[in-house]
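See structure below.
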There are 2 protein chains.
Amino acid sequence: MDGVVRPGRRLEPQARRDQILAGAVAYFAEVGLGGTTRDLAQRIGITQALLYRYFASKAELVEAVFERVFLDRLSPHWNAEIADRSRPLEERLRHFYRQYAAAIFTYEWMRIFMWAGLAGEALNQRYLSRVGDSLLAQLRDEIAAAGPYGAPDMEAMWALHGSIVYLGIRRFIYQLPTPDDVSPVIDESVDRFLAGIRRPQAG
Amino acid sequence: MDGVVRPGRRLEPQARRDQILAGAVAYFAEVGLGGTTRDLAQRIGITQALLYRYFASKAELVEAVFERVFLDRLSPHWNAEIADRSRPLEERLRHFYRQYAAAIFTYEWMRIFMWAGLAGEALNQRYLSRVGDSLLAQLRDEIAAAGPYGAPDMEAMWALHGSIVYLGIRRFIYQLPTPDDVSPVIDESVDRFLAGIRRPQAG
DNA sequence: TCGCTTGTTGATCATCTGATCACCAGAAAC
DNA sequence: GTTTCTGGTGATCAGATGATCAACAAGCGA
């Protein structure tokens, strides 16, 4: 029992702030950004007033939640790994999407991202623009350069992306049963995609 | 100007109820089910109290919104069309997903479905279970029976489904730019999927 | 043990929100 | 024009919610 402390227990400001933020991420992921400060405080095991010693307003707390959830979600290594032509394209694609899924297939990320998207948060659009302009565009270029495949357009890349992300949506948003291990499913989606754009073996 | 009436204007109960329901669908799609009855009433151009002449509570209004949005979204004809083996499989698949997209790619449906999903509504799960158990399973069987394709498992079918639905998610949830005409994009996703599971031409 | 610092609390405020009700007024019937 | 029915309104209530603040007490230093 780590997060549970008896009432009145004094914590170092940094520790308390972290505790609140972690609790807020879990709470808002579950009930949405419209969740109340009282419910959140009760779940953490502190009084509602204490929240306001560490965050000036609920909006600021939500902002901190976004920052923690969105920050460093896209690994800077991915671009280099995608472009590493010493490895077969198929392996790079599979590897990327296994990594990507490992990064975003969490209850907190998936749901807060979706809540924020519905709320019209600009962060979502910026994040997805980066996914498209940087990662997917690069994947497309690597596929085109690999030889045996016809050059896919961006909509094809988004379709591949969607086929994989939708697995996380089914699991964490709609809470439907999905395979415990997503790796083979992801590999098969990637393989099917590549097979689907393979050039006919003429000449 | 149809929906705009001057204050105090009397409407037939059915017309007023329809007006409120239509307004509620549009309003809740935009701001979520947590939207207030006052804002909704103001948008419709009536007083908040009037809502309660037609709906006993906000929960009942939301229920009516669900009913209107969810009802008859899955056409009963689709199953027969999918199974109509007098037409080529490829054409049936393309046709189905063009129809399906036409049915669900609306601002109201996409967003209310997602709000409801995040809120844990059982309707979503029932709807998606039907999509999987009835439509996707049948599509899978038809593909397997068609001959030139390897039998896809249900995860493969969900991947195809996701690759197409994600287009609507990008447009209506994240409000990112997407092609105006989705038909060619859908056709290409279907074609790519089938090409991806085509048996090697041996013997 | 005492005193000080400051993390924490309970009470409270203003506002928002769902819901109710007495009363008003549009329009059809005569 | 008058009456009658009922759709519509403004006022209001109770509870919820974000935010504030004076007072309390945990824990450290002397």
Side-chain angles (χ1 to χ4, degrees), chain A residues 1-66 115-116 119 121, chain B residues 1-66 115-116 119 121:
Chain A
M1 286 295 145
D2 212 341
V4 178
V5 288
R6 69 169 188 278
R9 201 12 154 258
R10 285 165 78 100
L11 251 60
E12 301 220 335
Q14 188 56 48
R16 182 67 84 189
R17 197 191 139 93
D18 282 351
Q19 180 197 32
I20 291 173
L21 197 45
V25 167
Y27 174 69
F28 288 132
E30 181 176 329
V31 308
L33 309 175
T36 70
T37 54
R38 269 170 242 273
D39 277 357
L40 167 60
Q42 188 180 16
R43 247 163 88 138
I44 299 176
I46 60 176
T47 57
Q48 182 237 8
L50 190 57
L51 295 175
Y52 289 88
R53 188 175 185 84
Y54 296 91
F55 300 93
S57 64
K58 184 188 168 184
E60 194 183 296
L61 174 57
V62 169
E63 203 54 45
V65 166
F66 282 159
W115 286 115
E121 282 291 328
Chain B
M1 286 295 145
D2 213 342
V4 178
V5 288
R6 69 169 187 277
R9 199 16 153 254
R10 286 167 80 101
L11 252 61
E12 301 220 335
Q14 189 56 48
R16 183 66 84 189
R17 198 191 139 93
D18 283 352
Q19 180 197 32
I20 291 173
L21 196 46
V25 167
Y27 174 69
F28 288 132
E30 182 176 329
V31 307
L33 308 175
T36 69
T37 54
R38 269 170 242 273
D39 277 357
L40 167 59
Q42 189 180 15
R43 247 163 88 137
I44 299 175
I46 60 176
T47 57
Q48 181 237 9
L50 189 57
L51 294 175
Y52 289 87
R53 190 175 184 88
Y54 297 91
F55 299 93
S57 64
K58 186 188 167 184
E60 192 182 299
L61 174 56
V62 169
E63 205 53 46
V65 166
F66 281 158
W115 286 115
E121 281 290 329

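Computed over heavy atoms, backbone and side chain alike; hydrogens, waters and symmetry mates excluded. Labels below follow one simple rule: chain letters A, B, ... track the order of the sequence lines, proteins then strands, and each chain is numbered from 1. These figures come from a predicted structure and were not determined experimentally.
The distance between atom NZ of Lys58(A) and atom C1' of dC16(C), rounded to the nearest whole Å, is 13 Å. What separates CD1 of Ile44(B) from P of dG7(D) is a distance of 17 Å, to the nearest Å. Rounded to a whole Å, the CG atom of Leu40(A) is 13 Å from the C1' atom of dG18(D). Across the protein-nucleic acid pair, Glu12(B) atom CD and dA28(C) atom P stand 9 Å apart, rounded to whole Å. Following rounding to the nearest Å, Ile20(A) (CD1) and dG18(D) (P) show an atom-to-atom distance of 15 Å. Following rounding to the nearest Å, Glu63(A) (CD) and dG18(D) (P) show an atom-to-atom distance of 17 Å. In this structure, CG of Leu61(B) is placed 16 Å from P of dT17(C), rounded to the nearest angstrom. Rounded to an integer number of Å, the gap from Glu60(B) CD to dA19(C) P is 10 Å.
Of all nucleotides listed (dT12(C), dT6(C), dT9(D)), dT6(C) comes nearest to the side chain of Arg53(A). Out of dG8(D), dT6(C), dT20(D), the shortest distance to the side chain of Arg10(B) is found at dG8(D). Side-chain proximity of Ser57(A) to the nucleotides dG7(C), dA19(D), dG10(C) is greatest for dA19(D). Residue Arg38(A) places its side chain closer to dG18(D) than to any other of dA19(C), dT9(C), dG18(D). The Leu11(B) side chain lies nearest to dG8(D) when the options are dG27(D), dG8(D), dG18(C). Between dT8(C), dG18(C), dG7(D), one nucleotide has an atom nearer to the side chain of Tyr54(B) than all others, and that is dG7(D). In this structure, the nucleotide among dG18(C), dG8(D), dC21(D) sitting nearest to the side chain of Arg16(B) is dG8(D).
Among the heavy atoms of the strands, none lies under 4.0 Å from Gly34(B). Among the heavy atoms of the strands lying under 4.0 Å from Gln48(B) is at least one base atom, whether or not backbone atoms are also near.
At a threshold of 4.5 Å between non-hydrogen side-chain atoms, the residues Val65(B) and Phe55(B) do not count as touching. Between Thr36(B) and Tyr27(B) the shortest side-chain heavy-atom distance falls below 4.5 Å. Side-chain atoms of Tyr52(B) and Thr37(B), non-hydrogen and from C-beta on, do get closer than 4.5 Å to each other.
When every heavy atom of Ala64(B) is checked against every heavy atom of Arg17(B), the shortest pair comes out as CB-NH2, 4.3 Å.
Atom CD of Glu60(B) has more than 12 heavy atoms from other residues, nucleotides or ligands within 6.0 Å.
Proximity of Thr37(A) to the phosphate of dT17(D): no side-chain N or O atom is located under 4.0 Å from OP1 or OP2. Contact check, Tyr52(A) against dT20(D): no side-chain N or O comes under 4.0 Å of OP1 or OP2. Using a 4.0 Å cut-off, some side-chain N or O of Arg9(A) falls inside it from OP1 or OP2 of dG27(D).
Counting only N and O atoms by type, the side chains of Gln19(B) and Arg16(B) include a donor and acceptor under 3.5 Å apart.
Residue order along DNA chain D, read from the 5' end via each residue's closest nucleotide, puts Pro13(B) first among Pro13(B) and Ala49(B).
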